[in-house]
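Scroll down for the structure; my scribbles are underneath it.
Letters A, B, ... are given to chains in the order of the sequence lines, protein chains preceding strands, and every chain is numbered from 1. When reading the values below, keep in mind they use all heavy atoms of this one structure, side chains included, and skip hydrogens, waters and symmetry mates.
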Number of protein chains: 2
Amino acid sequence: MSEEYEEALGKNENDLDEETLFIVSQTFKALGDPTRIRILNLLFNNEYSVNDIADILDLRQSTVSHQLSFLKNLRLVKHRREGTFLYYSHDDEHVMNMLKQTIEHANHS
Amino acid sequence: MSEEYEEALGKNENDLDEETLFIVSQTFKALGDPTRIRILNLLFNNEYSVNDIADILDLRQSTVSHQLSFLKNLRLVKHRREGTFLYYSHDDEHVMNMLKQTIEHANHS
DNA sequence: CTGATATATGCACATATGTTCATGTATGGT
DNA sequence: ACCATACATGAACATATGTGCATATATCAG
């Protein structure tokens, strides 16, 4: 048994509390789906309505709406109403930066 | 129809190619599970054998083994053999940095 | 070679997830 | 009030995912 092991056992200094674990996993889970990545990637520079997103990415309206709802619950996107239109935009700089970094990291590999 | 929309339609400058999409989503998916987060978090500073990890995190040996296999396929961890023991350690600084940042981000929120 | 320990792996199972269809709600125009 | 358009939502479905059991493989000691 290593000393590191003995050091780790008992103390849960090395482990994460349940709430942190939940928030972190939810955040990454949001970025773990191709459709949501495409949507967030589209929102990097501009805001778009639900139907705009569906048309540009060739997705069903309901699919986009469900995913935007998911992202909105996690406060990764926000929206602004204009008549019957809802214009969505990103709302978490930290997450958007991670996404950008990872996309770049993936592109030159 | 917005100008941004017209700008985006047709050009897929705004969309990601399939391979990038796959790599990025796989990477984030790896971080989207509480068990894998706990394992990677444990590996921040030290290497541990499979049974060490199972004992410390109170998980089944097969669960840990399965998840390490998952992480190893994505090159997020590597291992070093010593007799019958396999000592696992992290193998992707970029991913570990993202994890650390996100944990800190979650903790003071 | 045998036994003991450490780890990996295939299968089965329960649950989670993503998409679609159908329909509901909301807003504005006439 | 009615219709048209934009979006949301619930249910159903197929697929993906995480875990556990049982078993296979690997390495070493004797």
Can you see if the side chain of [X] gets near the phosphate of [N] - specifically, an N or O under 4.0 Å from OP1 or OP2?
X       : N      : value
B/Gln67 : D/dT17 : no
A/Arg36 : C/dG18 : yes
B/Thr84 : D/dT27 : no
B/Asn51 : C/dT5  : no

Residue whose nearest DNA chain C nucleotide is more 5′ - B/Ser65 or A/Asp33: B/Ser65
Of A/Thr63 and B/His79, the one whose closest DNA chain C nucleotide lies more 5': B/His79
Examine distances only and state if a side-chain atom of [X] and a backbone atom of [Y] form a donor-acceptor pair shorter than 3.5 Å.
X        : Y       : result
A/Ser65  : A/Gln61 : no
B/Thr102 : B/Met98 : yes
A/Arg80  : A/Tyr87 : no
A/Thr20  : A/Leu16 : no

Options C/dT19, D/dC7, C/dT9, nucleotide nearest the side-chain atoms of A/Val50: D/dC7
Nucleotide of D/dC7, C/dT7, C/dT19 approaching A/Tyr88 most closely (side-chain heavy atoms): D/dC7
Kindly indicate whether the side chain of [X] and the base of [N] share any N or O donor-acceptor pair separated by less than 3.5 Å?
X       : N      : answer
A/His66 : C/dG18 : no
A/Gln61 : D/dA8  : yes
A/Ser62 : C/dC21 : yes

